[in-house]
Every structure is written in structure tokens, then in C-alpha cells.
Q: 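Mind having a look at this structure? Questions to follow.
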Number of protein chains: 2
Amino acid sequence: METLRERKKQRTRDALLRTAVEMFVARGYDGTTVDDIADAVDVSARTFFRYFAGKEEAALALQELAVAHYLRAVRERPAEEAPVVALRRAVLESWDTLHEVVESVVPVEAYLGMHRVIESTPVLLAAHLRRNAETEDTIARVVAEREGLDVDADPRPRLAVAVFGAVMRVTEQQWSACGDLSLEGMRALTIAYLEQVGPALAGNWRTD
Amino acid sequence: METLRERKKQRTRDALLRTAVEMFVARGYDGTTVDDIADAVDVSARTFFRYFAGKEEAALALQELAVAHYLRAVRERPAEEAPVVALRRAVLESWDTLHEVVESVVPVEAYLGMHRVIESTPVLLAAHLRRNAETEDTIARVVAEREGLDVDADPRPRLAVAVFGAVMRVTEQQWSACGDLSLEGMRALTIAYLEQVGPALAGNWRTD
DNA sequence: TTGTCAATTGTCAGAGGCTGTCACTAGCCT
DNA sequence: AGGCTAGTGACAGCCTCTGACAATTGACAA
């Protein structure tokens, strides 16, 4: 971010994203048009599409940040940990430090607000689930490498990651449904739900 | 399907669906416009939207049939069976009899072809995953009732169904990726993958 | 059979998401 | 200073989808 040009671009993108999130939370996803967002930031609608592939991408940009953050946490887990343990710790850790990543763009409230918008907007929920599936594929590869397995030959990495992801999705959903919109509530739910299923999957794969 | 009117409507819908699926498989989802489909059936594009909520719904209509078929199989499972066992048997059973439901509209090849189209078209895959999530919610309620539990109080029905669904998704994905596009291959994969995870979840919930 | 009612359809207009093009401006670099 | 290039605005246009209105066609009773 050296030149004036780059700084200007960054500012435009941030303004676009911040405004988009604010409007989505306030008036809903469908109730907000790209023109609305562009007008509020005082750029042409065409410019919006130069920064985001579509309205959808702007709506999921914050989630993307969080996912990248989580993925980083997963990769940094020591290889000695069993896969499910590593995933569990990475989740909890990444939530504890989420604000560091998100607050540079929007307040944390906006992140939580967008979460509800996503969960309650069919087309956004769909896109979100698809991205989750992609993320799971990535994580399965990471896990396979940790364990010295071949993702395409051995189904266990994909299965374990998919099962873990399923538990996380139920957790998210219940968290959204219950009024408790705090990161602490999320922590508690995560731990409780994982303990329900986790032990069943904690076998040691390496003694095959 | 008594009156002439109803028969005509049914024929229009079938023609629309059949044509849409053919074109999607042949030219891809994005490469086919609603106008193309309507023109081929010789109705106005407006009429298409009177039969399907959107292009997407036409693309997922066959999946919808299959899901309804599976759901029926689940509900008909005897209550004595443990949840995971019931789900497993319902899946295998509904695949063995899938042709009975699908072939009244399109040949089975078309169904398998659409499956690949869905898996390889981002927006369709997203919609498909969202519908899966909805289906899982329904099944969780069915399971909870079988076991005499409250879906909202006890997380176990949702968790078990979500985990089961996750395994099925991995199965589907691997089945699509491997060249073996037969229902027999699917059966084998399903059994193999479920045996990898199933035992861990087969606990008896009623002795709580 | 015929006239009336209701259901189905086509046409038209238009919003909204998204893309290609082209000229213009503003920052950058020598 | 002047050329170069990235970023932008202003169209024009395609596609999905919706509302409104009129025309057509089947249903049904007199």
C-alpha cells in the first residue's frame, strides 16, 4: 500500500464494503440494490463490480476473512495433535482472535449482523454453504498431509473434516436461532456439541 | 389428472422440464437461457415462470423428486431401528427404487447427467447444498419424534442427522469425481463410507 | 348447444444484476 | 513536462424475474 493510487483504491473498497454491510444489515440483502450502495459511496455502479464480482461477494466478504483466519489457525497447529483435536483448537482459537482481523474493516457487531442476514437470506445461505464445502476440501488436504495420507486414496480425511464441519454448522445454526449473539455463547455451544460427537471420531489413524 | 385442462398442464410442465434438463446436460446451465427452453417447447418465456419459480427450480426438480422419495423411505422405517440404521437402510432402499419415480418424467441417464451439471455449476451446487440443509432439518424432526425427543431441547437428533448427511455428501462427491456413474457404484461407496463412521454414532439414545 | 365463468396464456413494460466498450481523468515515471 | 497506464463514468445490452392487462380456451350449467 505504497502509492497514492493504491491507498485510494483501498479506501474505495473499504467504503464500498462497509456501506454494503451496513445497508444489508439495516434493510436486508434483497432490499438493497447495487445502485443504492454505489450512490451512497458516490461511485458509479460499474465501479462496484470492479471491486466485487457481484453483490453476493460483498455480502460474504467478511465471512471470507473469518474463514481465511480459521484456515491459518488450522495450518499452524502442531502436527502431533490428532486431527479432530487440532480442528477443535483452531476453531476456538480463531474465534478468540477474530476481532483482530475483522475490526480493521467494520465493527464486530456488523460481522454478527451479517451472520444473521446470511442465515436468513436463501441465496446467501446457499452461497455460504458452498464456500463451506470448498473450505472443507482445503482442510481435508491439510489434514491428509499432516497424517501422511493421500486425500484421493483414503476417504478418512474428507470424512473426518466433513463430519467436523457438520457439527460446526449445527452449532452455528443453533447459535443464530437462540438469541445469544455473543462469541462466548458460541464457544460454549461449540465445546458442548463437539463433546457429543468428538470422542467417536478421535481414533488414532496412524496405527493402520 | 382428470380434466383435459389438467392433462394439458401436466404435459406442458413435463415438456418444459424434460427440455430444460436435456438442454442443461447438452449445453450447460449457463449456456441455456429460459428463452431457449420456452422456444423449444413453443410457449412464451412468461409461461415457464408460471410452472417453475425460476431457472434454478427446473434444474433441481429431479433432485427434488429423489429427495421426496428418500424422505418417504425414512418415514416408513420401523421405529424399532436405531436412527442411523434407519437412515442407512432408507438411503439404500430409495436408490434401489429411484428409477420408479424418475423415469416417469425423464430417462435415468438424464438424472445422472443433471447430477454432474449440478456438481459442476457453482450456483446450482450452492442451491443444492441449501436444500440438503433443509432436508436435514426435516429428517431431524422425524428422528426426534421416533426417539421421543424434542428437537429444540436435545441437540442429538440434529447432530446425528447432520453427521449422516455429511458422510452422504462426501460419498456423492467421490462418486461424481470417480468415473463410475452407476447406482451400483454408489451403493458400494455408501456402505463403505458409512461403515467408516457409522459405528461411532450407533449408540442407543433411549437409555439416557 | 350455448352462454357464462374461471383458468391459462401471451404480450408488454420494467426492475435489477451483471458485462463489454470507449473515452476521459488522474496518478505515476522518466 | 509529457507520455503511459490504471481507474472511472457513461452508455448500451443481455438475462432473470415480476406485475398488469388482454385474449384465448376449457369447464359447466341452463
Side-chain angles (χ1 to χ4, degrees), chain A residues 1-17 19-21 23-24 26-61 117-118 121-128 130-131, chain B residues 1-17 19-21 23-24 26-61 117-118 121-128 130-131:
Chain A
M1 198 157 72
E2 188 58 31
T3 71
L4 201 172
R5 254 220 282 257
E6 281 167 335
R7 268 176 285 140
K8 240 179 159 177
K9 259 181 81 171
Q10 192 59 44
R11 244 182 297 141
T12 304
R13 205 198 117 97
D14 285 355
L16 241 19
L17 180 51
T19 306
V21 168
M23 293 179 108
F24 290 154
R27 300 152 48 176
Y29 181 73
D30 295 324
T32 308
T33 70
V34 173
D35 280 313
D36 291 339
I37 302 167
D39 287 349
V41 182
D42 207 60
V43 291
S44 75
R46 189 69 184 85
T47 294
F48 175 91
F49 290 105
R50 290 197 173 99
Y51 284 94
F52 300 96
K55 201 168 108 169
E56 191 180 288
E57 197 185 283
L60 297 176
V117 172
I118 291 169
T121 306
V123 54
L124 284 186
L125 179 56
H128 180 238
R130 189 177 62 76
R131 289 179 173 222
Chain B
M1 197 157 73
E2 188 59 32
T3 71
L4 197 166
R5 210 174 236 164
E6 281 168 335
R7 268 177 285 140
K8 240 179 158 176
K9 261 181 79 170
Q10 191 59 45
R11 244 183 298 140
T12 303
R13 204 198 119 97
D14 284 354
L16 240 19
L17 180 51
T19 305
V21 169
M23 293 180 106
F24 290 155
R27 299 154 46 178
Y29 180 74
D30 294 323
T32 307
T33 70
V34 172
D35 279 314
D36 291 337
I37 302 168
D39 287 349
V41 182
D42 207 61
V43 290
S44 74
R46 190 69 184 84
T47 295
F48 175 91
F49 288 106
R50 290 197 171 99
Y51 283 94
F52 299 97
K55 202 169 109 170
E56 190 180 289
E57 197 185 282
L60 297 177
V117 172
I118 292 169
T121 306
V123 53
L124 284 185
L125 180 56
H128 181 237
R130 189 178 60 78
R131 289 181 173 218

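Lettering of chains follows the sequences in order, A, B, ..., and the numbering in each one begins at 1.
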Q: Examine distances only and state if a side-chain atom of E6(A) and a backbone atom of T3(A) form a donor-acceptor pair shorter than 3.5 Å.
A: yes

Q: Rounding to a whole Å, what distance do you find between E57(B):CD and dC17(D):C1'?
A: 13 Å

Q: Find the distance L124(A):CG to dG17(C):C1' and express it as a whole number of Å.
A: 14 Å

Q: Starting at atom CZ of R7(B), determine the distance to atom P of dT25(D), rounded to an integer number of angstrom.
A: 17 Å

Q: Rounded to whole angstroms, how far apart are CZ on F49(A) and P on dT8(D)?
A: 15 Å

Q: For the backbone of Y29(B) and the side chain of K55(B), can you confirm whether one donor and one acceptor N or O come within less than 3.5 Å of each other?
A: yes

Q: Provide, to the nearest angstrom, the distance between the CG atom belonging to D35(A) and the P atom belonging to dA10(D).
A: 12 Å

Q: State whether the side chain of T19(A) and the backbone N or O of A15(A) hold a donor-acceptor pair below 3.5 Å, judged by distance alone.
A: yes

Q: For a quick check of understanding: with a heavy-atom distance under 4.0 Å over all strands, which category does Y51(A) fall into, base, sugar-phosphate or nothing?
A: sugar-phosphate

Q: I want to verify a distance call: between dG9(D), dG7(D), dC18(C), whose nearest atom is closest to the R5(A) side chain?
A: dG7(D)

Q: Is there a donor N/O on one and an acceptor N/O on the other, under 3.5 Å, for the side chain of R46(A) and the base of dG7(D)?
A: no

Q: Given that T3(B) and T33(B) both sit by DNA chain D, which one's nearest nucleotide is further toward the 5' end?
A: T33(B)

Q: Look at all strands and tell whether A45(A) reaches a base, only sugar-phosphate, or nothing, counting heavy atoms closer than 4.0 Å.
A: nothing

Q: Strictly distance-based, threshold 3.5 Å: is any side-chain N or O of T121(B) a donor or acceptor partner for the main-chain N or O of L124(B)?
A: no

Q: Which atoms form the tightest heavy-atom contact between D36(B) and M23(B), and what is the distance?
A: CB-CE, 3.8 Å

Q: Report the distance from atom NZ of K9(A) to atom P of dG27(C), rounded to the nearest whole Å.
A: 15 Å

Q: Could you state the atom-to-atom distance from CG of D30(B) to C1' of dG17(C) in whole Å?
A: 14 Å

Q: dA27(D), dC11(D), dG17(C): which one has an atom nearest the side-chain heavy atoms of K55(A)?
A: dG17(C)

Q: When all nucleic acid strands are considered with a 4.0 Å heavy-atom cut-off, which category describes S44(B): base, sugar-phosphate, or nothing?
A: base

Q: Nearest whole angstrom, please: distance from the P of dT25(D) to the CG of L4(B).
A: 13 Å

Q: For dG26(D) and K8(B) - does any side-chain N or O of the residue sit under 4.0 Å from the phosphate oxygens OP1/OP2?
A: yes

Q: What's the closest nucleotide to the side chain of R50(A) if the choices are dA10(D), dT18(D), dT9(C)?
A: dA10(D)

